Undergrad: 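Following this message is one structure expressed as structure tokens.
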Amino acid sequence: MAMNDLLKADNIKKALDAFTVADSFDHKKFFELTGMKAMSAVDVKRVFQALDVDASGFIEEEELKFVLKGFASSGRDLTDGETKAFMNAADKDGDGKIGMDEFEALVHE
């Protein structure tokens, strides 16, 4: 399923435009701008599945670095610092990857 089937294109663009500068990414603001925070848990899990590039059931650190490209090809890569901060915020069980339930909980924090 394409991200534009899950989220409004205008919201995606607005969110990506807000974080074009390196080290400016804020996952909470990003989730609000995309409209994900207001989505149901089921729909957030669909977004997770679209971002889980290797379909492993997890978003690993390497996938997370490129997460903004999962929303639109124009999205930039996260810096190493942004990637680690995002991982630390989401990875509640400390296994080094983000599970679907961890992702959904982070979006709705």
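Note that the structure is predicted; figures quoted are calculated from it, not measured.
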Undergrad: Between Glu61 (side chain) and Lys84 (backbone), is there a donor-acceptor pair under 3.5 Å?
TA: no
Undergrad: Once the angle between the rings of Phe19 and Phe30 is folded into 0 to 90°, is it parallel (under 30°), tilted (30 to 60°) or perpendicular (over 60°)?
TA: tilted
Undergrad: For Asp93, is there any backbone N or O sitting under 3.5 Å from a side-chain donor or acceptor partner on Glu102?
TA: yes
Undergrad: Would Met100 end up clustered with Leu51 when hydrophobic side chains under 4.5 Å apart are linked, directly or stepwise?
TA: yes
Undergrad: Run the salt bridge (Lys or Arg N to Asp or Glu O under 4.0 Å) check on Arg76 and Glu82 step by step: do they pass?
TA: CA-CA 12 Å; Arg76 69 172 175 85; Glu82 289 170 321; 2.7 Å; yes
Undergrad: Does the side chain of Asp5 come within less than 4.5 Å of Arg46's, by heavy atoms?
TA: no
Undergrad: Which pair of heavy atoms, one from Ala18 and one from Leu33, lies closest together, and at what distance?
TA: CB-CD1, 3.7 Å
Undergrad: Run the side-chain contact (heavy atoms from CB on, under 4.5 Å) check on Phe71 and Met36 step by step: do they pass?
TA: CA-CA 12 Å; Phe71 288 88; Met36 289 173 57; 3.8 Å; yes
Undergrad: Please find the pair of heavy atoms, one from Lys69 and one from Gly75, that lie closest to each other, and give the distance.
TA: NZ-O, 2.8 Å
Undergrad: Between Lys37 and Glu109, is there a donor-acceptor pair closer than 3.5 Å when you use the side chain of the first and the backbone of the second?
TA: yes
Undergrad: So, do Glu63 and Ile98 sit near enough that their side-chain heavy atoms are less than 4.5 Å apart?
TA: no
Undergrad: Check whether the side chains of Thr79 and Asp23 place a donor and an acceptor atom closer than 3.5 Å, and report yes or no.
TA: yes
Undergrad: Can you label the angle between the Phe31 ring and the Phe103 ring as parallel, tilted or perpendicular, going by 30° and 60°?
TA: perpendicular
Undergrad: List the atom of Ala50, the atom of Met3, and the distance in Å for their closest heavy-atom pair.
TA: CB-CE, 3.8 Å
Undergrad: Please report the C-alpha distance between Asp91 and Lys97 in whole Å, then the side-chain angles of each, then the deciding distance to 0.1 Å, and finally whether the salt bridge (Lys or Arg N to Asp or Glu O under 4.0 Å) criterion is met.
TA: CA-CA 6 Å; Asp91 181 22; Lys97 52 194 176 186; over 6 Å; no
Undergrad: Please check this pair: side chain of Lys92 against backbone of Ala89, looking for a donor-acceptor N/O pair closer than 3.5 Å.
TA: yes
Undergrad: Which heavy-atom pair separates Thr83 from Lys65 by the least distance, and what is that distance?
TA: OG1-CA, 3.6 Å
Undergrad: Roughly how far, to the nearest 0.5 Å, is the CG atom of Asp43 from the CG atom of Leu6?
TA: 7.0 Å
Undergrad: Is a side-chain N or O of His27 found less than 3.5 angstrom from the main chain of Met87, in a donor-acceptor match?
TA: no
Undergrad: Would you call Leu78 and Phe66 a side-chain contact if the rule is heavy atoms closer than 4.5 Å?
TA: no
Undergrad: Checking Asn11 side chain against Gly35 main chain: does a donor-acceptor pair fall under 3.5 Å?
TA: no
Undergrad: Which heavy atom of Ser74 sits nearest to which heavy atom of Leu16, and what is that distance?
TA: OG-CD1, 4.1 Å
Undergrad: Roughly how far apart are Phe25 CZ and Asp77 CG, rounded to 0.5 Å?
TA: 12.5 Å
